[in-house]
Amino acid sequence: ESTVSFVSLILPILASGEEPEVVELSLHLLISLLQNAAEERTGELVNTLLTFLADHEDNADVPLLIGKRWRISLIEGDNVSPNRYSDVLTAISGAMFRVPDQMTTLVFFGVMVDAENPLSCRVAEGIKKILCLCVEQLERAQNSDDDIYLRLAPLLLIRRVRTNVWQATWKRFLPDCSLLKGNLIQFGKYIRRILNTEHGDAMLTSERKLAAEIAGICLPFSKQDSFSSFTMICLPAFRTVASLLQGKVQSFKNAYRPAKAALYAACCQVALAQDNAETLKSVFSFALWITQVHSEDNELFELQRGCIDFFAACLQVEVSTNKKCLVGIVLALRGILQENSVSIDWLDTSLYEVSLTSGHLKSMVLKTCVLNSYLLVSKDLSEEVLRSTWAKSIGPWVLDLIYELIDKSFKAPLLAALQILFVLVTRTNSLGPIGHKLRKANRCILRSLTNSDPAVRMQALKLLLSVIYLNYDKYEKLG
């Protein structure tokens, strides 16, 4: 009790704006008290600390100051019980579950799990315990439709843990820990349930997006393991879509929604692409198949939008980080848009047939989707990467593609290609993306201005104005 009283006296000093020396001394004393307190007092001390942080939530530095110092002492301290770190995380999680809308608790938890050394045994034990607690909380909250925060709390806690900490935990424990595998399978079922639920208001939609993000970033992602997010979430959703499009089952409302969420989870995985390259190629194969389907179904169209996002994620990560494991996917996307396309011999057709013509993918719907993914990347890339590599590498062949598409009856890919060139020219503020093909660009623009599609004509006019603005003298001579 005296320890709790001392802690209550020291905490206000940390938020009072005292001299740095006073704050440092108070912090050192606080951490010593927390470390040496009896283990049965851990929960009471954590609650005292969280109550103080909630009362001083305007001072954002205090939870960072206390959390970082306490975390380091718990993980690296020689005279600390190995289970103390797990006990502290358990106490913070319990507080979050009791008052699930208290943001200061979530912030402090995030500081406590932001470990510099994710390979530490104490960190891995703590994270394993957190997953178990979150599964238990999801089980209690699964029918709590009245309070979404009860369901969100465990998801928010899990998302606060950095991806490299999760990965280190899986490498340390998954091969031999059947309890952890069981918790992962149970957690995957809850995630899948959230993704399959009909969502109406914005809050429920946020829950669904958070669940998909967790599936992509926090859980294992492999084709071989029954407890991976690919096996538990992506594969069932993809199989449902395959059965629908192949006429094996009847369509039902929101049938494509879980597959779009699974694609979002895969997008989150792309940035981590290392050991999971083969799994990403299976997702890519599914996306290729879906984007060859021409349909007026709005739900299927939304699923194709998810495919576009996945293609764009692969392109952006590869061009920004030069990850070799994504080169095959990037070359395949480039090949789809060029007549001299490379043969894609690694497609996974276990669920569906990917239509190939002489080894080339030529669906105009597919081309439109791929072009829209290039458009997204052109808009989102940093200016440095855009100017140094991206614009110069794709601009000339996009112009060639526009020339080929001008007389086609299907206008969507032409519109997308014109949009890409416009974004490249305006974002670089130069004609560099066109290279030495200004005459060809002139012909393409003028012919597009007479197109029957008003959207194509408008985009061609915007491109024309940007070219004239950047190089008026030369453009006037071309006449």
Side-chain angles (χ1 to χ4, degrees), residues 256 260 287 290-309 311-312 315 333-334 336-339 361-381 386 390-391 394-435 437-472 474-479:
Y256 300 111
K260 186 178 180 184
I290 291 299
T291 46
Q292 291 185 85
V293 179
H294 183 56
S295 172
E296 301 299 326
D297 188 327
N298 286 333
E299 282 195 55
L300 184 57
F301 177 73
E302 285 300 314
L303 180 57
Q304 290 176 335
R305 289 286 300 272
C307 296
I308 292 169
D309 291 338
F311 294 156
L315 288 167
L333 290 171
R334 178 74 68 89
I336 289 165
L337 300 177
Q338 296 176 324
E339 291 304 317
L361 293 157
K362 295 186 177 178
S363 162
M364 296 303 282
V365 178
L366 172 59
K367 279 193 173 185
T368 304
C369 289
V370 174
L371 282 166
N372 277 313
S373 69
Y374 273 89
L375 178 60
L376 284 179
V377 176
S378 300
K379 290 179 177 178
D380 293 341
L381 272 180
L386 184 80
W390 181 258
I394 76 165
W397 65 258
V398 168
L399 180 59
D400 292 339
L401 187 61
I402 292 172
Y403 191 77
E404 295 170 9
L405 292 170
I406 286 175
D407 297 324
K408 303 288 185 182
S409 58
F410 198 62
K411 305 302 181 185
L414 174 60
L415 177 60
L418 287 168
Q419 288 174 318
I420 292 172
L421 202 56
F422 173 74
V423 169
L424 295 178
V425 168
T426 53
R427 284 202 65 197
T428 59
N429 198 31
S430 75
L431 297 179
I434 294 175
K437 300 181 177 181
L438 191 57
R439 287 183 177 275
K440 190 171 190 176
N442 179 52
R443 291 195 296 270
C444 289
I445 293 170
L446 292 178
R447 289 177 64 184
S448 298
L449 286 171
T450 61
N451 195 281
S452 60
D453 189 322
V456 171
R457 294 199 302 271
M458 177 60 72
Q459 191 58 52
L461 182 59
K462 290 167 68 176
L463 181 57
L464 173 63
L465 292 174
S466 64
V467 171
I468 292 175
Y469 173 78
L470 290 168
N471 207 345
Y472 178 77
K474 190 175 290 186
Y475 197 88
E476 186 179 38
K477 291 177 183 177
L478 288 171

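Below, each value reflects all heavy atoms present in this structure, side chains not excepted, and no hydrogens, waters or symmetry copies. These numbers come from a predicted model, not from an experiment.
- Residue Ile420 holds its CD1 atom at 5.5 Å from OG of Ser378, rounded to the nearest 0.5 Å.
- Nearest heavy-atom pair, Ile402 versus Cys444, reported as atom, atom and distance to 0.1 Å: CG2-CB, 3.9 Å.
- Here the side chain of Arg427 pairs a donor or acceptor atom with the backbone of Leu381 at under 3.5 angstrom.
- Among all heavy-atom pairs drawn from Phe422 and Thr426, the shortest one is O-OG1, 2.7 Å.
- Looking at heavy atoms from C-beta onward, Gln419 lies out of side-chain contact with Leu371 at the 4.5 angstrom threshold.
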Margin query: Run the side chain to side chain contact (heavy atoms under 4.5 Å, CB included) test on Leu300 and Ile290 for me, step by step, so that the C-alpha distance in whole Å, both residues' side-chain angles and the decisive distance to 0.1 Å come before the verdict.
Written below: CA-CA 8 Å; Leu300 184 57; Ile290 291 299; 4.3 Å; yes

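- Scanning for salt bridge (Lys or Arg N to Asp or Glu O under 4.0 Å) contacts around Arg305 gives an empty result, with sequence neighbours left out.
- Cation-pi geometry between Arg447 and Tyr403 is met: under 6.0 angstrom from the ring centre, within 45 degrees of the axis.
- Note: Ser448 OG to Asp453 CG = 10.5 Å, rounded to the nearest 0.5 Å.
- A distance of 8.0 Å separates CG in Leu421 from OG in Ser466, rounded to the nearest 0.5 Å.
- The CG atom of Leu418 sits 13.0 Å away from atom CE of Met458, with the distance rounded to the nearest 0.5 Å.
- A 4.5 Å side-chain heavy-atom check between Tyr256 and Phe301 finds every atom pair outside the cut-off.
- In this structure, the side chains of Val467 and Leu438 come closer than 4.5 Å at one or more pairs of heavy atoms.
- Taking every heavy atom of both residues into account, Leu415 and Ala455 meet most closely at CD1-O, 3.6 Å.
- Side-chain contact between Glu404 and Leu401 is present, with at least one heavy-atom pair separated by less than 4.5 Å.
- The side-chain heavy atoms of Arg334 and Tyr374, taken from C-beta on, include a pair separated by under 4.5 Å.
- Nearest heavy atoms, Val293 versus Val365: O-CG1, 3.7 Å.
- When side chains are defined from C-beta on, Val377 does not count as touching Phe311, because their heavy atoms never get closer than 4.5 Å.
- With rounding to the nearest 0.5 angstrom, the CG atom of Asn442 is 10.0 Å from the CD1 atom of Ile434.
- Among all heavy-atom pairs drawn from Leu414 and Leu405, the shortest one is N-CD1, 3.9 Å.
- A 4.5 Å side-chain heavy-atom check between Glu299 and Glu302 finds every atom pair outside the cut-off.
- The CG atom of Leu399 lies 12.0 Å from the CD1 atom of Ile394; values are rounded to the nearest 0.5 Å.
- The shortest side-chain heavy-atom distance between Thr368 and Asn372 falls under the 4.5 Å cut-off.
- The minimum heavy-atom distance linking Cys307 with Thr291 is given by the pair CB-CG2, 3.5 Å.
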